[in-house]
Amino acid sequence: MDFNQNENQKMIAQMIESFAEQNIRPKMNEWDEKQIFPVDTFNKLGELGVMGVLVPEQYGGSGFGYYEYVTTIVAISKVCGGIGLSVAAHNSLCTNHILQFGTEEQKMKYLPNLASGKHIGAWGLTEPNTGSDAGNMQTVAKKEGDYWVLNGTKNFITHGKSGNVAVVIARTGDPRTKDNSTAFIVEKGTPGFTGGKKEDKLGMRCSETAEMIFDNVKIHDSQRLGEVGAGFKQALYILDGGRISIAALSLGIAKGAFECALQYSKERHQFDRPISSFQGISFKLADMATQIEAAELLINNAVFRKSKGLKLSKESAMAKLYASEVAVSVSNDAIQILGGYGYLKDFPVEKFYRDAKLCTIGEGTSEIQKLVISREILS
Ligand SMILES: Cc1cc2nc3c(=O)[nH]c(=O)nc-3n(C[C@H](O)[C@H](O)[C@H](O)COP(=O)(O)OP(=O)(O)OC[C@H]3O[C@@H](n4cnc5c(N)ncnc54)[C@H](O)[C@@H]3O)c2cc1C
């Protein structure tokens, strides 16, 4: 494994840093406070190639691999976790699902608009009563001639209201049977398909999270993604890569919080000395730096396996589990280092702390990652 960043990664990190300083940092507190989902920022990120990082150039994307993708998500999330989450969900869930399992016609129809950021993508698996147990979904699709009729509700969906295109996994067989679900592409504006309640969240507040409601939504069979019955298997494949995404999001948040705490510790004086000179603070910084480096190594291991086409369920689950817990712990320590100022909105660490918690929940909770890892090591 080569731990050095390639030229593309360096270029991406610089480009995003400069974009974020001009377009995200000045506005992110307002977006956070008012829960504004800044669609125009995603359109602009699309112009930079950030909304189609993994999409081949022939479909209008940047044509990069997972190393560059991770660099992208880390660089954005170092500034704002909410924007990082939305970019991650758009790229690795909706867009990647169509890229991996779509027909040539579907790819030509949907990927150019998604990759350019003209369209925002959503991906619907979770439902009100089935989160970790997603295989037990209640949303159904029934075949009627050349059409499918969808009924049900998905919740907690990133871009559930504003998404122009959604990949939706619905049950097409009997409950609790094998191969009983199928994936479909549903466009915004299809009769019967509406965005429901927008959630009011602890963190990631500028990333829209909403219900998607399907009331007799009729879609043509040409909108089906892959084989009938393959929906859940496809979802698990997408989530293997998605875990790298959330691990990268976590790493970016941890790095952002750490950098803020490190700088503050050198500038803040108490007892006539910088607080970094107290061992209680410097050891905390040492622990934070070590955890961040360990998380980065686990992510690199998962990315290495992904780029070689090797099995990575265990490695991506380990990276997601560890990096997300590190994001929570590092942002908590960062607040402690800033003392009372860490508790205020004048510094970004309280936002990192609120944003970080999602990482231990979304795309499989920490407990579910342990389930995946233990299954793999016991098999
Ligand atoms: C901000 C946000 C964005 C999201 N975006 C999307 C999206 O775009 N698309 C999408 O489909 N979903 C999305 N989700 C949903 C997310 O993936 C689920 O919230 C997550 O999978 C957990 O499901 P749940 O919330 O129903 O919790 P539950 O499954 O009800 O879990 C509750 C608790 O029980 C534990 N638990 C459950 N089963 C087990 C078990 N077998 N062993 C041990 N412990 C267990 C869990 O770890 C957790 O601690 C999003 C969620 C959030 C909060």
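What you see is a predicted model; the values in this text were computed from it and never measured. Note that ligands are numbered from 1 as they come in the structure, with each ligand's atoms numbered from 1 the same way.
At a heavy-atom cutoff of 4.0 Å, ligand 1 is contacted by no atom of Asp133, backbone or side chain. Of the heavy atoms in Leu125, both backbone and side-chain atoms come closer than 4.0 Å to ligand 1. Both the backbone and the side chain of Thr126 come within contact range of ligand 1, each with a heavy atom under 4.0 Å.
Among protein heavy atoms, atom 39 (C) of ligand 1 sits closest to Ile368 CD1, 3.9 Å. The protein heavy-atom contact nearest to atom 49 (O) of ligand 1 is Glu367 OE1, 3.6 Å. The nearest protein atom to atom 42 (N) of ligand 1, hydrogens excluded, is given as Leu371 CD1, 4.1 Å; this is a heavy-atom distance. Summary of contacts: the protein heavy atom closest to atom 25 (O) of ligand 1 is Phe156 CE1, 3.8 Å. Regarding atom 24 (P) of ligand 1, its nearest protein heavy-atom neighbour is Gly131 CA, 3.9 Å. Of the protein's non-hydrogen atoms, Leu358 CD2, 3.4 Å is the one closest to atom 53 (C) of ligand 1. Protein heavy atom in closest approach to atom 48 (C) of ligand 1: Thr365 CG2, 4.1 Å. In terms of protein heavy-atom proximity, atom 9 (N) of ligand 1 is closest to Trp123 O, 2.8 Å.
Comparing Thr158, Val167, Ile361 by heavy-atom distance to atom 3 (C) of ligand 1, the nearest is Thr158. Around atom 27 (O) of ligand 1, the closest heavy atom drawn from Ser86, Ala88, Ser132 belongs to Ser132.
The closest approach between any non-hydrogen atom of Glu363 and ligand 1 is below 4.0 Å.
Residues Trp148 and Phe184 have side chains in contact (heavy-atom distance under 4.5 Å, counting atoms from C-beta outward).
Under the 3.5 Å distance criterion, the side-chain polar atoms of Lys306 are left unmatched by any main-chain donor or acceptor of Ser316. For Glu68 (side chain) and Ile12 (main-chain N/O), no donor-acceptor pair under 3.5 Å exists by modelled atom type. For the pair Ser92 (side chain) and Ser245 (backbone), a donor-acceptor distance under 3.5 Å is absent.
For atom 5 (N) of ligand 1, a protein non-hydrogen atom is found at a distance below 4.0 Å. For atom 31 (O) of ligand 1, the protein comes within 4.0 Å by at least one heavy atom.
For Ser250 and Ser324, the side-chain atoms include no donor-acceptor pair closer than 3.5 Å. At a cut-off of 3.5 Å, with distance as the only test, a side-chain donor of Thr172 or Thr182 sits close to an acceptor on the other residue. A donor-acceptor pair shorter than 3.5 Å cannot be found between the side chains of Thr126 and Lys154. With hydrogens and angles left out, the side-chain atoms of Glu187 and Tyr110 include a donor and acceptor closer than 3.5 Å.
Under the salt bridge (charged side-chain N to carboxylate O under 4.0 Å, His left out) rule, Asp32 has a single partner from Lys27, Arg25, Arg354, which is Arg354.
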Practice problem: Carefully, step by step, assess Phe101 and Tyr237 under the rule ring pair (Phe, Tyr, Trp, His ring centres under 6.0 Å). | Solution: CA-CA 10 Å; Phe101 299 106; Tyr237 177 88; 5.8 Å; yes
